[in-house]
Enquirer: 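Once you've had a glance at the structure underneath, I'll fire off some questions.
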Amino acid sequence: VRCQRCPPLRALQASATLRRASDEHQKEPLTSSSQQHFDSPPAGPQPAQEPQGPRPSYTGQGGQQSEDYESEEQLQHRILTAALEFVPEHGWTAEAIAEGAKTLGLSVAAAGMFHSDGSELILHFVSECNTKLSELLRKEQKLVQLGEAEKKPMDEFLRDAVEARLRMLIPYIEKWPQALSVLLLPRNIPSSLSLLTSMIDDIWHYAGDQSTDFSWYTRRAVLTGIYNSTELVMLQDSSPDFEDTWRFLGNRVADAMAMSSTASQVQSTGEAVVQGLMGAAVTVSNAESSRAVG
Amino acid sequence: VYQVFESVAKKYDVMNDSMTLGIHRVWKDILIHKMNPSPGTLLLDVAGGTGDIAFRFINYVRSVRERQLQRRLRHHQNLSWQEIYESYQKDKCKSLGDSQVVVCDINREMLKVGKQKAQHLGYSEGLSWVLGNAEELPFDDDKFDVYTIAFGIRNVTRIDLALQEAHRVLKPGGRFLCLEFSHVSNPLLSRLYDLYSFQVIPVLGEVIAGDWKSYQYLVESIRRFPPQEELKAMIEDAGFFKVDYENLNFGIVAIHSGFKL
């Protein structure tokens with residue numbers, strides 16, 4: 001999409017780092033060996049990062065980018081993923097991103113592509129966690145469908161899903177409060193909110209929620225409340241393996257279940273009452289008419 | 001171009017201050033903030049004769065480095081005295097954290113003034129002064145983390161060559177930053193700006209530097225320089241990605257940024 005404006009001259013300039021998607025596999029062994037070089041001063045030539053050498057010019061007419069080439073977004077994703085391992089040390093900052101770029105063989109200046117408060121890094125992390133959670137739930141569902149696992153009762157399902165998602169925060173838990181505050185910046189709220197709602201949607205989808213009525217909203221709201229409150233409890237939980245947090249989570253889910261069953265009890269009682277009234281009315285009118293006739 | 005700057009070198013800084021009423025300092029500060037360099041960055045400042053960008057870079061990196069060291073010290077609260085002593089030794093000779101600036105200029109006089117300023121202000125480490133032409137840089141490929149050219153690119157005869165050279169000497173992932181006078185789109189401001197440029201600046205040039213012609217040339221070269229979008233296209237042509245520009249003061253000055261990816 002981007003290269004539609006590229007004149008043919010640009011097509012001849014081979015990009016230094018945006019590389020063929022197929023080369024991805026070749027890169028992995030290089031990264032580990034290049035790691036050792038990065039303690040030495042950066043003034044020296046970079047270790048063999050691009051063994052592929054000058055790439056052939058773009059195929060196609062009019063400077064259309066060949067589909068094999070990685071786009072800028074994909075490169076940015078790679079940098080952010082690499083940056084995650086430096087977060088425990090540097091926090092969610094441009095420094096972590098710079099270190100991540102270094103491990104990929106890029107200059108530290110590449111961190112300038114991102115905002116200096118680390119917003120993109122945090123959003124990237126949240127989105128990756130959500131994707132992982134979806135994968136997990138999908139696999140579980142498949143096992144149930146194949147008959148290899150039991151279908152969990154609703155409260156256990158919700159509890160396990162939220163716990164699995166929150167456990168992904170554990171390696172970064174020390175710096176997570178900083179991340180939460182960045183996610184609440186007005187600039188980031190649309191993205192962070194949409195990531196949260198889509199995650200909650202996912203969980204309900206795999207829980208088997210097929211509702212199309214008003215309860216759809218209440219269920220989303222309830223689960224969002226459970227997730228957020230559990231997350232905050234987790235931030236200041238110092239028990240071994242966060243067992244206090246999981247206990248809190250279990251209680252909240254149980255509360256929610258109880259509330260919903262009370263509601264449905266009320267609903268069915270109401271229905272029963274209406275039925276009774278209707279029946280009474282019909283009986284009375286039948287009696288009236290039979291008396292009138294007879 | 002060479003002769004213009006030969007005569008201008010000594011009074012360069014004074015003229016900058018009087019022409020831009022001192023705002024040029026702010027512009028250069030903004031440039032360095034946008035760069036947000038981390039310690040260990042290798043900067044090439046082209047046409048940076050008197051060293052303004054270089055000194056600001058060093059100050060910035062030094063303060064970032066100090067903050068880093070402070071943070072590390074806080075983490076070291078639980079270490080033994082021996083370990084703390086060792087970490088001090090390691091960090092002692094790295095107040096700049098391996099960052100370096102290479103100042104490159106086509107004009108020997110400008111470099112001389114820059115060196116004198118550095119000595120005068122007490123900048124000793126991390127600086128190099130190199131004579132060179134922006135269209136043909138005397139450096140190897142893939143060497144620098146950041147390439148800056150502040151108020152220099154409009155004096156280059158073949159801008160596209162300079163951009164290509166910039167692309168060549170930058171490391172993959174490296175950043176190109178250009179601070180330059182640009183096009184004011186606001187019509188009212190544009191008129192005021194023209195008035196100021198053509199009436200006031202050459203007069204200042206005559207009074208302060210004794211040189212009307214050079215400053216006349218300066219103002220004309222600003223007018224001839226391509227506007228923001230055109231420069232952005234030229235930078236993209238040289239092979240840079242994620243090219244963007246930021247207008248300062250409604251377009252009187254613009255910072256263009258691109259990455260070698």
Side-chain angles (χ1 to χ4, degrees), chain A residues 2-3 5-19 38-47 49-50 63 69-76 78-79 88-91 93-117 174, chain B residues 33-44 61 64 67-68 71-72 75 94 96-100 102 126 128 139-148 160 163-164 167-168 170-177 229 232-244 257-261:
Chain A
R2 194 185 181 287
C3 276
R5 343 190 215 110
C6 301
L9 174 63
R10 182 156 151 75
L12 295 176
Q13 302 272 7
S15 142
T17 315
L18 295 184
R19 52 188 181 53
F38 289 114
D39 295 315
S40 54
Q46 286 292 321
Q49 155 64 25
E50 300 295 320
Y69 281 87
E70 182 181 57
S71 73
E72 288 162 19
E73 284 84 38
Q74 285 172 313
L75 178 66
Q76 286 183 291
R78 274 200 304 134
I79 296 178
E89 188 189 339
H90 294 279
T93 58
E95 269 172 32
I97 302 178
E99 293 291 322
K102 264 209 310 207
T103 58
L104 292 181
L106 295 175
S107 152
V108 290
M113 281 197 281
F114 307 98
H115 215 96
S116 55
D117 62 3
E174 268 180 39
Chain B
H33 260 91
K34 194 175 164 91
M35 191 196 301
N36 194 17
S38 45
T41 302
L42 192 55
L43 170 69
L44 174 65
V61 167
V64 171
R67 251 184 293 144
Q68 252 184 11
R71 234 183 305 150
R72 216 173 289 175
H75 278 187
K94 283 191 188 175
L96 281 185
D98 281 337
S99 320
Q100 269 193 66
V102 177
S128 309
F139 304 109
D140 285 331
D141 296 2
D142 299 341
K143 245 192 122 199
F144 295 98
D145 289 303
V146 186
Y147 173 111
T148 53
D160 53 339
L163 293 174
Q164 278 171 31
H167 192 267
R168 181 180 67 81
L170 276 175
K171 282 188 206 163
R175 190 171 193 184
F176 169 86
L177 282 167
E229 281 295 329
K232 175 177 170 185
M234 289 171 81
I235 299 175
E236 281 172 353
D237 282 344
F240 289 99
F241 288 87
K242 287 199 81 67
V243 181
D244 205 10
S257 160
F259 289 89
K260 174 176 177 174
L261 292 179

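Atoms considered below: every heavy atom in the structure, side chains included; atoms not considered: hydrogens, waters and symmetry mates. All of these numbers come straight from a predicted model, not from anything done at the bench. Letters A, B, ... are given to chains in the order of the sequence lines, protein chains preceding strands, and every chain is numbered from 1.
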Enquirer: For B:Phe241 versus A:Glu72, what's the shortest heavy-atom pair and its separation?
Expert: CD2-OE2, 3.0 Å

Enquirer: So, taking the atom named CG in B:Asp244 and the one named CE in A:Met113, what distance separates them when rounded to the nearest 0.5 Å?
Expert: 13.0 Å

Enquirer: When rounded to the nearest 0.5 angstrom, what is the spacing between OG in A:Ser116 and NZ in B:Lys34?
Expert: 10.5 Å

Enquirer: Just how far is it from atom CG of B:Leu261 to atom CD1 of A:Ile79, taken to the nearest 0.5 Å?
Expert: 7.0 Å

Enquirer: Given that the side chain runs from C-beta out, which part of A:Ala94 has a heavy atom under 4.5 Å from chain B: side chain, backbone, both or neither?
Expert: side chain

Enquirer: Which heavy atom of B:Arg71 sits nearest a heavy atom of A:His90, and at what distance?
Expert: NH1-O, 4.1 Å

Enquirer: Where does A:Glu73 contact chain B at under 4.5 Å (heavy atoms): side chain, backbone, both or neither?
Expert: neither

Enquirer: Return the minimal non-hydrogen interatomic distance between A:Ala98 and B:Ser38, and the atom names on each side.
Expert: CB-OG, 4.3 Å

Enquirer: Grab the two heavy atoms, one from B:Arg175 and one from A:Gly112, that are nearest each other, plus how far apart they are.
Expert: NH1-CA, 3.7 Å

Enquirer: For a quick test of reading the model, state the closest non-hydrogen atom pair linking A:Val108 to B:Asp145 and the distance between them.
Expert: N-OD1, 3.8 Å

Enquirer: Salt bridge or not between B:Arg67 and A:Glu95? Use side-chain N to carboxylate O under 4.0 Å.
Expert: no

